Amino acid sequence: MKELRFEQDLVRALLRDQHPDLADLELRDVDGGWDNQQWRLGDELAVRLPRTERAPALLHTEQTWLPVLANRLPLPTPVPVRIGRPSNLFEHTWTIARWVPGDPADRAPITRIDAAEILAEFLRALHDQAPADAPANPTRGMPLAEMQKGVDGGFDVIADHPSVGRAREVWEEAVAAPVWHGAPLWLHGDLHPANVVVRDGMLAGVIDFGDMCAGDPATDLSAAWILLPAGTASRFFDAYALADDATITRARGWAVLRALGLIWIGRNGRRGLPGGKPTWEPAGYATLERVLVAD
């Protein structure tokens, strides 16, 4: 399934077919989205339709596991409230979820330093031991050495940046750090600015749980540099209080990796290329700057 863009007429028809009690609520387009296209439905709901090859599987993960975890999480999340079935109108599963109010952080960055404690509280609640049947993810939660081959070329995106050498050092230190030997923990798996929402400078919600999986918490802990204002990473780790030095070192490596991805996708957006997100490039450079400064 190639990336597509659907129109409101399709969404309205799906609602009338499967959820007629919601079909007359106001439907509004929502900017953004990667694997799923989203509409706001009334004041409290959202409709999400998968539009990339991998999106149906990600949506199924969210449908299956987010309701299991959401009640213990201290921030609003897009908990599915209705499941759309494949039909002759639309061949894949789709979701009606709770709307999480706020602006995505790639457009309205977190500015309050006390967001460090809010994020730490959220991740402490999430990072519980996952069950044996928790989803695996081929690019999240694993030892960083398994990512080495793909990352080597990723540094090309910042080849002219004055800090490229230091970024490589942080990555290599992370790869060399002791690996996670604990039980696999629940992870969000994709904490970057477009996947959290902000109100009045404060972290106000976490969205898009399609990459949730089990593994090394360092993947999520990279959010200390990806999401929070400069100079607050140590405050975050003090509040989280469960990360040893090796885990923090690995988290810094994950932050470099995610910065490269944000810059690459953002640059493609600036150039008008398909799938690019221009707001991600400054978010990626901000991540790089924060992670390369001792905190």
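Since the structure is predicted, the reported quantities are computational estimates derived from the model, not experimental observations.
The CG atom of L119 sits 10.0 Å away from the CD atom of E117 when rounded to the nearest 0.5 Å. In this structure, CG on L89 lies 5.5 Å from CG on L14, to the nearest 0.5 angstrom. The line from NE2 of H19 to CG of D21 is 8.0 Å long, rounded to the nearest 0.5 Å. Taking CG from D43 and CZ from R28, the interatomic distance works out to 6.0 Å, rounded to the nearest 0.5 Å. Taken from CG in D216 to CG in L185, the straight-line distance is 8.0 Å, to the nearest 0.5 Å. Between L123 atom CG and I118 atom CD1 the span is 11.5 Å, to the nearest 0.5 Å.
N71 CG: 12 or fewer foreign heavy atoms inside a 6.0 Å radius. R98 CZ: 12 or fewer foreign heavy atoms inside a 6.0 Å radius. No more than 12 heavy atoms of other residues, nucleotides or ligands shown are found within 6.0 angstrom of CD on E44. The number of heavy-atom neighbours closer than 6.0 Å to CD of Q8, taken from other residues, nucleotides and ligands shown, is above 12. The number of heavy-atom neighbours closer than 6.0 Å to CZ of R85, taken from other residues, nucleotides and ligands shown, is 12 or below.
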Next item on the list: Give the intermediate values and the outcome of side chain to side chain contact (heavy atoms under 4.5 Å, CB included) for residues I96 and L22.
Entry: CA-CA 10 Å; I96 301 172; L22 304 177; 3.8 Å; yes
Next item on the list: Run the numbers on W39 and D29 for side-chain hydrogen bond (donor to acceptor under 3.5 Å, both in side chains), then give the verdict.
Entry: CA-CA 5 Å; W39 297 260; D29 292 336; 3.0 Å; yes
Checklist line | From CA spacing to verdict: side chain to side chain contact (heavy atoms under 4.5 Å, CB included), Y240, R124 | finding: CA-CA 6 Å; Y240 182 78; R124 280 184 63 103; 3.6 Å; yes
Next item on the list: Starting from the C-alpha separation in whole Å, work towards a yes-or-no answer on side chain to side chain contact (heavy atoms under 4.5 Å, CB included) for I207 and V196.
Entry: CA-CA 6 Å; I207 60 177; V196 300; over 6 Å; no
Next item on the list: Starting from the C-alpha separation in whole Å, work towards a yes-or-no answer on side chain to side chain contact (heavy atoms under 4.5 Å, CB included) for Q38 and W99.
Entry: CA-CA 10 Å; Q38 182 169 241; W99 174 257; 4.0 Å; yes
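Hydrophobic clustering (side-chain heavy atoms under 4.5 Å, transitive across Ile, Leu, Val, Met, Phe, Trp, Tyr) keeps W171 apart from V179. Linking ILVMFWY side-chain heavy atoms closer than 4.5 Å, directly or via other members, places L187 and L75 in two distinct hydrophobic clusters. When hydrophobic clusters are built by joining Ile, Leu, Val, Met, Phe, Trp and Tyr residues whose side-chain heavy atoms come closer than 4.5 Å, directly or via intermediates, F209 is grouped together with W65. Residues L292 and W254 share a single hydrophobic cluster, defined by chaining ILVMFWY side chains whose heavy atoms lie under 4.5 Å apart.
The backbone N or O of R82 sits nowhere less than 3.5 Å from a side-chain atom of Q18 that would complete a donor-acceptor pair. The closest donor-acceptor contact from the side chain of R72 to the backbone of A125 lies under 3.5 Å.
Under the 30°/60° scheme for interplanar angles, the aromatic rings of H161 and Y285 are found to lie parallel. Taking the six-membered ring where tryptophan is involved, the planes of F90 and F6 are perpendicular, since the angle between them exceeds 60° and thus also 30°.
Salt-bridge check for D106 with K277: failed, with every basic side-chain N at 4.0 Å or more from each acidic carboxylate O. A salt bridge is defined here as a Lys NZ or Arg NE, NH1 or NH2 lying under 4.0 Å from an Asp or Glu carboxylate O, and E26 with R40 fails to meet this definition. One finds a salt bridge joining D35 and R54 here, because a Lys/Arg side-chain nitrogen approaches an Asp/Glu carboxylate oxygen to under 4.0 Å. A salt bridge links R270 to E281: at least one charged side-chain nitrogen sits closer than 4.0 Å to a carboxylate oxygen. Using a cutoff of 4.0 Å between basic side-chain nitrogens and carboxylate oxygens, R140 and D190 are scored as salt-bridged.
A side-chain donor-acceptor contact under 3.5 Å links H127 and D220. No donor-acceptor contact under 3.5 angstrom links the side chains of T247 and D245, judged on distance only.
The cationic group of R252 lies under 6.0 Å from the six-membered ring centre of W225 and within 45° of the ring axis, placing it in a cation-pi geometry.
With V170 as the partner, the side-chain contact (heavy atoms from CB on, under 4.5 Å) test is satisfied by one option alone out of E172, R168, R166: R166.
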